[in-house]
Amino acid sequence: MTTHPTTAFTGTDATAVVTRLRETFRTGRTRPLDWRRTQLKRLRTLLTENADAIADALYADLRKSRAEVDTMEIGGTLREIDGCLEHLNTWLAPQSVAVPAHLPQGTTARTEWEPLGVALVISAWNYPVNLLLVPVAGALAAGNAVVIKPAEYAAATSALLAVLLARYLDPDATAVVEGGVEETTLLLAQRFDHIFYTGNGTVGRVVMAAAAAHLTPVTLELGGKSPVFVDHDADLHVTSERLVAAKFTNAGQTCVAPDYVLTDPHTAQALEATLTSAVNKRFGHDPRACEDYGRIVDERHFDRLTALLAAGRTVIGGQTERADCYIAPTVLADVSPSAPVMQEEIFGPVLPILTVSGLDEAIAFVNDRDRPLALYAFTNNDTTRRRLAEETSSGALVFGWPMQQLGVPELPFGGVGGSGMGAYHGRFSVETFSHRKPVLDVSAA
Ligand code: NAD
């Protein structure tokens, strides 16, 4: 289901929104640290005062459990805001650099972070609070005005956030535009100073092409197939519990969800039992009745995903209910690299296991494909860790627990190659929405 503004949004409206925000930016109002901190605090209050309403909207859109809302959506966003509030002064401090001897004595050189101007943030529907508000927090912390475009497929959340953001944030420096392709296209025709897009690579190309017309820099937070290498020496009980927790959160609709498993035939066989018990332990024997298990966002994605279920032998799961957009946590074995499930990002609760002869073949398998947003591995072997680090490329490399990189704000979050460009979280959010300006002051002496 998609939301659209109640009155038609036109190209004139898009121009007016950006012009208004640019005028505010030019007054210098968004630059002082006080203003930035006030906006961050208001964003914080928005989340804490309206946690119940946000949880209800996320339940309506994706049947997200309250625990998931509190940890991933609200908690994850608060953690980023709090980090910004605590460290912003330090992050923004000018940095002096050495001056070469040929310049007159007394010359100083430094870098300063300056805001870019008017940013556009376009969010995806799978974590429609976090993926919208974390970049918005970065844009505000960096001193920008920002146009905010929530994800239309998370309709209830989009509608709620539109009301709340207008109520809590500075209305002269922020604007929410709801809607879908039409409205986003009108926005993309405008000149922004930065565009931050989260979503799929096809639209990422549309965004980048539109940005090129104005030489606007872009951050593209895209997806792809994030592999998991399970080494023969891994503890398969721990591996399976962590793999199941990561894969089936939000019913697999997570950009950094483990997409498929690569392992040797012997380990693959052993994993069938441990993954089965991990699924049963986490979601019970009827995951449909489990409060912590989500639903597929809409019938289009449900149909896409159910068509992938025949790609292998079902180890566990496979049950579906279209009326409820329910697909059970599913593990498939004996999956061929040429199977449909291996041709696109799964973005749902289906985990294929593919066999390789060992590490060499796993590395070759990964390198033969688009560079993933994350590469995960379970291994106790330091040489294996080093080889994966040196011989593969991915947005992030994580050993031992998929998706935990999200909870470490000191780590930049972003893709490489087909999984995107640019990064955010922590200080990287602020840097993304800033220009690092060199200031050279040559002494008159
Ligand atoms: P989506 O359908 O919500 O689209 C994202 C945004 O793009 C929306 O705001 C939508 O209005 C806009 N959009 C759609 N078509 C457009 C067009 N033709 N022109 C202009 N704007 C358009 O989300 P999605 O793409 O289905 O999201 C899923 C994808 O996003 C997956 O590939 C997933 O891995 C990726 N993703 C990446 C991250 C990340 O942080 N790297 C996070 C979440 C999702």
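Counting convention: from 1, in listed order, for ligands and their atoms alike.
Looking at atom 26 (O) of ligand 1, its nearest protein heavy atom turns out to be W125 NE1, 3.1 Å. Among all protein heavy atoms, the one lying closest to atom 39 (C) of ligand 1 is C255 SG, 3.3 Å. Nearest protein heavy-atom contact of atom 21 (N) of ligand 1 is T184 CG2, 3.2 Å. Of the protein's heavy atoms, E345 OE1, 3.5 Å lies nearest to atom 31 (C) of ligand 1. Shortest contact from atom 19 (N) of ligand 1 to any protein heavy atom: V206 CG1, 3.9 Å.
Applying side-chain hydrogen bond (donor to acceptor under 3.5 Å, both in side chains) to E114 and the options R31, H435, K437, R436 leaves one that passes, K437.
Selection from Y197, Y424, Y153 by nearest heavy atom to atom 7 (O) of ligand 1 gives Y197. Atom 5 (C) of ligand 1 has its nearest heavy-atom neighbour, among T198, I122, V256, in T198.
Ring centroid separation for the pair F433 and Y424 does not come in under the 6.0 Å cut-off.
Counting only N and O atoms by type, the side chains of T24 and D172 include no donor and acceptor under 3.5 Å apart. Under the 3.5 Å distance criterion, with hydrogens and angles disregarded, no donor-acceptor pair is assigned to the side chains of S277 and N280.
Using a distance-only test at 3.5 Å, with no hydrogens or angles considered, no donor-acceptor pair links the side chain of E68 to the main chain of S65. Within the 3.5 Å criterion, the main-chain N or O of M72 finds a donor-acceptor partner in the side chain of N130.
Ring geometry for H301 against W125 counts as tilted: the plane angle lies between 30° and 60°, on a 0 to 90° scale.
Taking only nitrogen or oxygen atoms, main chain and side chain alike, H301 does not reach within less than 3.5 Å of ligand 1. The distance criterion of under 3.5 Å between nitrogen or oxygen atoms is not met by G224 with respect to ligand 1. Between N126 and ligand 1, not a single N/O pair is under 3.5 Å apart. Of the polar atoms of L222, at least one N or O is found under 3.5 Å from an N or O of ligand 1, judged by distance alone.
Taking the centre and axis of the six-membered ring of Y197, the NZ or CZ atom of K149 falls outside the cone set by 45° and 6.0 Å. Annotation: cation-pi geometry not satisfied between R242 and F378 (NZ/CZ under 6.0 angstrom from ring centroid, within 45° of ring axis).
Residue contacts with ligand 1: S123 is included, with a non-hydrogen atom under 4.0 Å away.
When heavy-atom distances to ligand 1 are checked against a 4.0 Å cut-off, N200 comes that close through both its backbone and its side chain. Here E183 has no heavy atoms under 4.0 Å from ligand 1, in either its backbone or its side chain.
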